[in-house]
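See structure below.
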Amino acid sequence: MAEIHPTAIVESGAELGDGVVVGPYCAVGPEAVLRDGVRLVSHVVVAGRTDIGAATCVYPFASIGTPPQDLKYKGEPSRLEIGANNVIREYVTMNPGTEGGGMVTQVGENGLFMVGAHVAHDCRVGNHVIFANNATLGGHVVVGDFAIIGGLAAVHQHCRIGAHAIIGGVSAVVQDVIPYGSATGDRARLIGLNVVGLRRRDFPRSEVQALRTAYRLLFAEEGTLSERLEDVARMYADNGPVMDIVAFIRADSTRAICQPKSGNAG
């Protein structure tokens with residue numbers, strides 16, 4: 001059975017799983033789905049066609065599933081899908097999709113979204129991510145698993161942030177950031193690899209070293225990026241992490257690849 005505080009409003013039609021807690025002054029819309037063990041601490045708004053995964057905890061004044069901040073949105077029945085075991089802190093905002101982006105915004109599992117973070121319409125956010133305070137995604141952004149977005153950082157619409165990448169605080173990201181990359185600044189540039197993150201996640205030393213070498217080759221000054229990419233792909237065809245970077249760069253994108261200011265910063 002769900003536990004609903006007397007001051008909360010849960011509209012008819014909302015689906016609440018076992019062990020759901022809806023705290024004081026929360027508002028849950030008629031098309032919302034709260035899976036088993038979801039907890040809304042207090043003063044949380046869950047609107048629209050929003051599905052929140054099991055054991056996710058949402059803190060006060062978060063606004064989840066309210067209409068996209070997109071002037072092209074005309075009320076189409078888009079969705080927001082949030083995975084299990086997320087921590088969504090105070091004043092976080094997450095918006096559903098639009099017709100122009102596939103009608104769905106997706107957030108993975110086991111993420112931490114700190115105070116004031118924003119996930120805009122049509123974003124695709126992976127698992128185990130960390131968004132520090134006031135980290136902001138524009139529309140249609142893709143964020144890979146284990147990525148970290150620093151405090152007050154803003155990611156431009158349609159950009160991609162690769163898995164295991166880290167974005168420094170107060171950065172303005174206007175280009176795609178490779179998997180395992182570390183980028184910072186206005187406008188953000190690569191400053192190397194997220195080596196600390198790789199070590200914390202127990203990547204073997206041999207893989208970290210291979211990534212370092214491949215990074216230096218990819219962003220050397222000789223030749224074009226396309227030529228260097230093919231060389232790295234041949235040299236590291238059997239190395240999964242390096243080939244993750246190769247596949248990321250080869251994938252279609254409306255954004256250029258974020259690169260170092262000059263030379264490589266291995």
Side-chain angles (χ1 to χ4, degrees), residues 83-85 102 106-112 123-131 137 140-150 153 155-156 158-168 171 173-185 187-266:
N85 299 304
Q106 294 176 319
V107 175
E109 300 181 347
N110 299 294
L112 170 58
C123 289
R124 304 290 191 275
V125 178
N127 303 316
H128 301 280
V129 300
I130 297 174
F131 284 40
L137 303 185
H140 309 272
V141 170
V142 177
V143 179
D145 295 347
F146 293 99
I148 299 173
I149 313 295
V155 182
H156 195 282
H158 295 284
C159 284
R160 297 178 297 150
I161 307 299
H164 299 276
I166 185 168
I167 307 301
S171 294
V173 180
V174 298
Q175 297 174 318
D176 293 347
V177 178
I178 60 170
Y180 313 103
S182 176
T184 192
R187 297 315 195 230
R189 307 293 291 184
L190 280 178
I191 58 171
L193 295 171
N194 182 17
V195 175
V196 173
L198 295 175
R199 289 173 177 163
R200 286 176 177 170
R201 289 187 279 277
D202 296 322
F203 275 68
R205 180 173 296 184
S206 60
E207 285 191 350
V208 175
Q209 186 56 50
L211 282 166
R212 282 180 176 273
T213 303
Y215 177 92
R216 293 190 183 99
L217 293 171
L218 278 171
F219 299 110
E221 295 183 354
E222 297 79 15
T224 66
L225 178 59
S226 178
E227 292 169 342
R228 299 191 298 267
L229 183 66
E230 295 308 312
D231 290 341
V232 168
R234 284 193 298 270
M235 294 173 63
Y236 292 95
D238 297 325
N239 186 293
V242 173
M243 292 308 295
D244 288 343
I245 297 176
V246 171
F248 183 91
I249 296 174
R250 284 175 170 170
D252 290 336
S253 177
T254 60
R255 295 285 163 184
I257 296 295
C258 183
Q259 300 188 41
K261 285 186 178 180
S262 61
N264 60 67

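Numbering starts at 1 and runs along the sequence shown. Computed over heavy atoms, backbone and side chain alike; hydrogens, waters and symmetry mates excluded.
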Side-chain (Asn127) to main-chain (Gly108) donor-acceptor, under 3.5 angstrom | no
Would you give the length of the straight line joining atom CD1 of Ile245 to atom CG of Leu211, rounded to the nearest 0.5 angstrom?
-> 5.0 Å
Is there a side chain to side chain contact (heavy atoms under 4.5 Å, CB included) between Ile148 and His164 once you walk through the steps?
-> CA-CA 7 Å; Ile148 299 173; His164 299 276; over 6 Å; no
Can any side-chain N or O of Arg228 pair as donor or acceptor with the backbone N or O of Gly223 at less than 3.5 Å?
-> yes
Do Arg255 and Cys159 touch side chain to side chain, with heavy atoms closer than 4.5 Å?
-> yes
Would you check if Ile161 and Val173 make a side-chain contact, meaning some heavy-atom pair closer than 4.5 Å?
-> yes
Side chain Ser171, main chain Gly185, donor-acceptor under 3.5 Å = yes
Report the distance from atom CG of Leu112 to atom CD1 of Ile130, rounding to the nearest 0.5 Å.
-> 6.0 Å
Glu230/Arg250 ion pair, N-O < 4.0 Å = yes
Distance from Met243 atom CE to Tyr236 atom OH, nearest 0.5 Å?
-> 12.0 Å
Do Arg189 and Gln175 come close enough that some side-chain heavy atom pair is under 4.5 Å?
-> yes
Nearest heavy-atom neighbours spanning Ala183 and Ala188 | CB-CB, 4.4 Å
Please examine the side chains of Phe248 and Asp176, heavy atoms only from C-beta on, and report whether any two atoms are closer than 4.5 Å.
-> yes
Is there a donor-acceptor pair under 3.5 Å between the side chain of Glu207 and the backbone N or O of Pro204?
-> no
Flag the pair Asn110 / Val129 as yes when at least one side-chain heavy-atom distance between them is below 4.5 Å, and no otherwise.
-> no
pair Ile178-Tyr215: side-chain heavy atoms closer than 4.5 Å | yes
Distance from His156 atom NE2 to Thr254 atom OG1, nearest 0.5 Å?
-> 9.5 Å
Consider only side-chain N and O atoms of Arg124 and His140, and report whether a donor and an acceptor are under 3.5 Å apart.
-> no
Do the ring planes of Phe203 and Tyr180 sit parallel (below 30°), tilted (30 to 60°) or perpendicular (above 60°)?
-> perpendicular
Between Val246 and Ala233, what is the shortest heavy-atom contact and its length?
-> CG1-CB, 4.0 Å
If you round to the nearest 0.5 Å, how far is CG of Leu190 from CZ of Phe219?
-> 5.0 Å
Taking Asn194 for the side chain and Ser182 for the main chain, is one N or O donor matched with an acceptor at less than 3.5 Å?
-> no
For Asn239 and Ala210 the tightest heavy-atom approach is ND2-CB, 3.4 Å
Given side chains that start at C-beta, do those of Arg160 and Ser253 come closer than 4.5 Å, heavy atoms only?
-> yes
From Glu227 CD over to Leu218 CG, what is the distance, rounded to the nearest 0.5 angstrom?
-> 12.5 Å
Would you check if Met235 and Leu217 make a side-chain contact, meaning some heavy-atom pair closer than 4.5 Å?
-> yes
